[in-house]
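Presented below is the structure to which this report refers.
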Amino acid sequence: MHRRTAPRLARILACAAVPVMLVATGCSSDDEKKETTPTKAPTANATPTLKPAAFAKLPEACKTVPAKTVEKLVAKADPKEGKALPASDTNDSASCFYSGLDDEDVKDLQYRSLTVSLKRFASDPTLGSGEKRAQAFLAQQATKATTSDGAKNAKTEKAGGIGDEASTVTSDSKKDDNDFKNVTVIARTANVVVTVKYSGAGYEGAKSPDVGDMTKDAQGATKEAVTSVADANKNANKNEAKDEAKDEKKK
């Protein structure tokens, strides 16, 4: 009997061992799957925060250049205080136009015009920071100046010492049989772009103005306009601080 029982016992033990092996195999397979499954990388912030624009407001366009500068560049400007050009929102864009004819010497009639334009850019998550938007606009304005108003012989140069960056475009044009010399200076200060266009002509055969002198004058006026942007925002911050102080006293 002992000899017959031994093979039977061996078969029972063999069958009993099968489920153990299957379980062990199944656990090993699951562990491998867990180890080989890649972990998900943390999702990046879809809307990165932008630095607020440096300047929150624009100065009055017709007050960006001092009266003495206007008198020097545009003799007998009419009106002296300039003419504000229409704008949908003067806190985002503004322009002022000056023009005058110096007829003191009938043999040397000299016409001059000066246009000061301001454009402010706010930081926008979909469009970029105010400064980057202003940089792109400066490049556009510089290109535009080379062809606007029938400009010919246009030359573009970098202008140092004016705002954060600046370009000067000089060109010639003709209007009503008069030869005009034009100088356009485009400067950026943080998120604001200042564009100054200075044009002049000698009427009735008078000598044309010197481009070198006009360039120097236009760049000087642009520096003053750039300074006015910073001054306007300083005053705005002071007024806000005063208002806050008043509110605190009331409390």
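Only this structure's heavy atoms are used, side chains among them; waters, hydrogens and symmetry mates stay out. The structure displayed is predicted, hence computed values, not measured ones.
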Among Val226, Thr168, Thr215, which residue meets the side chain to side chain contact (heavy atoms under 4.5 Å, CB included) test with Val185? Thr168

Residue of the set Pro59, Ser95, Cys96 for which side chain to side chain contact (heavy atoms under 4.5 Å, CB included) holds with Leu118: Pro59

Keeping the roles fixed (side chain from Asp105, backbone from Gln110), state whether a donor-acceptor pair exists under 3.5 Å. no

Just by distance, do the side chain of Asp213 and the backbone of Pro209 share a donor-acceptor pair under 3.5 Å? no

Is the shortest side-chain N to carboxylate O distance from [X] to [Y] below 4.0 Å?
{"X": "Lys174", "Y": "Asp179", "answer": "yes"}
{"X": "Asp217", "Y": "Lys72", "answer": "yes"}
{"X": "Glu71", "Y": "Lys80", "answer": "no"}
{"X": "Lys76", "Y": "Asp103", "answer": "yes"}
{"X": "Lys207", "Y": "Asp108", "answer": "no"}

Output a table of donor-acceptor pairs, distance under 3.5 Å, between side-chain atoms of residues 192-203 and any protein atom two or more places apart or on a different chain; print 'none' if there are none.
unit_1: Thr195; atom_1: OG1; unit_2: Gln141; atom_2: NE2; d: 3.4
unit_1: Lys197; atom_1: NZ; unit_2: Asp149; atom_2: OD2; d: 2.5
unit_1: Tyr198; atom_1: OH; unit_2: Leu73; atom_2: O; d: 2.6
unit_1: Ser199; atom_1: OG; unit_2: Asn182; atom_2: OD1; d: 2.8

Under a single-linkage rule joining Ile, Leu, Val, Met, Phe, Trp and Tyr whose side-chain heavy atoms are separated by less than 4.5 Å, which residues share a cluster with Leu127? none

According to a 4.5 Å side-chain heavy-atom criterion applied to Ile, Leu, Val, Met, Phe, Trp and Tyr, with indirect links allowed, do Val183 and Leu138 form part of one hydrophobic cluster? no

Pairs meeting criterion side-chain hydrogen bond (donor to acceptor under 3.5 Å, both in side chains) with involvement of residues 221-230, two or more places apart: Thr69-Glu224

More than 12 heavy atoms of other residues, nucleotides or ligands under 6.0 Å from CD of Glu60: yes or no? no

